[in-house]
**Student:** 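Right, I'll just put the structure down here and ask away after.
In what follows, chains are A, B, ... by sequence order, proteins preceding strands, each numbered from 1.
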Amino acid sequence: MSHEPVLRCEIIKKKFDQQRAFKAQTLLSRKVILKDDFQAIQVVAGTDLSYLRIQGKELGIAILVFLRYPSLKPWGCIYGVSEVCVPYIPGLLAFREMPPFAVALAMAKREGMNYDLLFVDGHGRAHPRRLGIASHIGVVTGQPSIGVAKRKLVGIEKDNMVIHNNEIIAKVLTRGKYKVYVSVGHRISLETAAKVVSKVWRKGRLPEPTRIADRISKHIKPMIMEMAGETEYLSGRCSSFLPTI
DNA sequence: GCGACAG
DNA sequence: ATCTTGTCGC
């Protein structure tokens, strides 16, 4: 008896239900801790994700870079690759980007690489159901996180804050011509989040953790392209890029 | 119906 | 995010 080969991605595509995703977000949002809940920060981590099309497949490459705090010296980096099986839908970004991040986070754990605070490339609470990807990752890992987004998703901007449903969901920070929206990811207050982001924003359009992750992301892409296709899931260290960054 | 819309 | 020609400025 022969079976038609069914791709994992096809199954996930079929299973993906937008309404259920909404409900999952609303449920998970109740677990977000909005107060400072962490010890002294010694290591911060930054994330970024880039995409790669190969053999008709869309791969997501997640970067997790670890920096000492407050020196901001990068000392380690992990990447995780997974096929992306969900389209980009505003408000449902986490469902699209979580799999590659899960691979990277698992690898980091395996290698004993830990962080005290994670800077995520995207919103946290500044989300229609209060569960942007920064909060999603925070709740799933149980670790403190902050959302740093380059553009607004919901709400109205007023006095360097973003208001939505009569609630302050984000703070607007600027550095020269650049601007970011900071929101609570998990286990941190909005005030502290804004304070820390401001502290690690040295140059460019993003604060150091995400800026470094972004640069590594672009450097590692050609390498992943060459070794792609050998296995479905890949992960590893990308620390060799650090001296170049 | 129209505009807004993380990455 | 990615693709992608041309242009502006250091």
Side-chain angles (χ1 to χ4, degrees), chain A residues 16 18 21-22 24-26 28-29 32 46-65 79-104 118-140 145-158 161-165 169-173 176-186 190 193-194 197 203-207 209-222 224-225 228:
Chain A
F16 188 72
Q18 212 162 307
F22 285 175
Q25 289 181 325
T26 304
L28 271 184
S29 71
V32 173
T47 72
D48 187 62
L49 195 134
S50 58
Y51 295 92
L52 186 55
R53 300 217 61 105
I54 186 160
Q55 296 165 356
K57 281 184 180 179
E58 185 172 32
L59 301 182
I61 306 158
I63 300 296
L64 211 51
V65 65
Y79 71 86
V81 181
S82 169
E83 190 171 0
V84 173
C85 308
V86 174
Y88 170 67
I89 302 162
L92 296 179
L93 180 66
F95 293 91
R96 174 173 169 82
E97 299 196 341
M98 226 19 218
F101 277 123
V103 173
L118 183 67
F119 289 69
V120 179
D121 184 26
H123 293 290
R125 274 209 101 209
H127 177 278
R129 291 164 295 282
R130 304 291 181 268
L131 198 87
I133 187 164
S135 297
H136 196 128
I137 293 179
V139 170
V140 165
S145 65
I146 299 179
V148 181
K150 296 178 284 295
R151 299 184 303 176
K152 192 178 54 155
L153 176 58
V154 289
I156 57 163
E157 221 168 309
K158 190 175 186 287
M161 298 182 305
V162 180
I163 317 285
H164 180 63
N165 288 350
I169 56 173
K171 283 202 176 185
V172 183
L173 263 51
K177 59 174 178 174
Y178 298 114
K179 172 179 180 179
V180 293
Y181 299 86
V182 179
S183 61
V184 172
H186 187 50
L190 182 55
V197 169
K203 56 184 174 181
R205 56 167 202 170
L206 291 169
T210 36
R211 190 182 72 83
I212 299 297
D214 189 87
R215 298 195 52 174
I216 294 170
S217 182
K218 275 156 190 157
H219 274 74
I220 203 175
K221 220 169 135 174
I224 299 292
M225 202 178 290

**Student:** What's A/R53 touching, base or sugar-phosphate or nothing? Going by heavy atoms closer than 4.0 Å.
**Tutor:**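 A/R53: no heavy atom of the nucleic acid under 4.0 Å.
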**Student:** When we call it a touch if two heavy atoms are under 4.0 Å apart, what does A/L52 touch: a base, just sugar-phosphate, or nothing?
**Tutor:** nothing
**Student:** Would you mind reading off the distance between A/R130 atom CZ and B/dA6 atom P, rounded to a whole angstrom?
**Tutor:** 16 Å
**Student:** For B/dG7, is there a stacking contact with A/Y88, counting only centres under 5.5 Å and planes under 30°?
**Tutor:** yes
**Student:** Ignoring hydrogens and geometry, is there a side-chain-to-backbone donor-acceptor pair from A/K221 to A/Y51 under 3.5 Å?
**Tutor:**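 Flag set: sc A/K221 to bb A/Y51 pair under 3.5 Å.
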**Student:** Reckon A/L131 touches a base, only the sugar-phosphate, or nothing at all at heavy-atom distances under 4.0 Å?
**Tutor:**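 No contact.
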**Student:** Looking at side-chain heavy atoms only, is the closest gap between A/E58 and A/R96 below 4.5 Å?
**Tutor:**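 Sidechains of A/R96 and A/E58: in contact.
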**Student:** Which listed nucleotide (B/dC5, B/dA6, C/dT2) is nearest to the side chain of A/K152?
**Tutor:**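 Nearest to the side-chain atoms of A/K152, counting from C-beta on, is B/dC5.
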**Student:** Would you classify A/K218 as touching base, sugar-phosphate or nothing, given that sugar-phosphate means primed atoms plus P, OP1 and OP2, and contacts are heavy atoms under 4.0 Å?
**Tutor:**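 A/K218: no heavy atom of the nucleic acid under 4.0 Å.
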**Student:** Distance check needed: B/dA6 C1' versus A/I146 CD1, whole Å only.
**Tutor:**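 One finds 17 Å between C1' of B/dA6 and CD1 of A/I146, rounded.
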**Student:** Does OP1 or OP2 of B/dG7 have a side-chain N or O of A/K150 closer than 4.0 Å?
**Tutor:** yes
**Student:** Pick base, sugar-phosphate or nothing for A/G91, based on heavy-atom distances below 4.0 Å to the nucleic acid.
**Tutor:**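 Base contact.
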**Student:** Compare all side-chain heavy atoms of A/I61 with those of A/S217 and state whether any distance is below 4.5 angstrom.
**Tutor:** no
**Student:** It should be established whether A/R151 places a side-chain nitrogen or oxygen under 4.0 Å from OP1 or OP2 of nucleotide B/dG7.
**Tutor:**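 It does, given that an N or O in the side chain of A/R151 lies less than 4.0 Å from OP1 or OP2 of B/dG7.
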**Student:** Compare all side-chain heavy atoms of A/F101 with those of A/I133 and state whether any distance is below 4.5 angstrom.
**Tutor:** yes
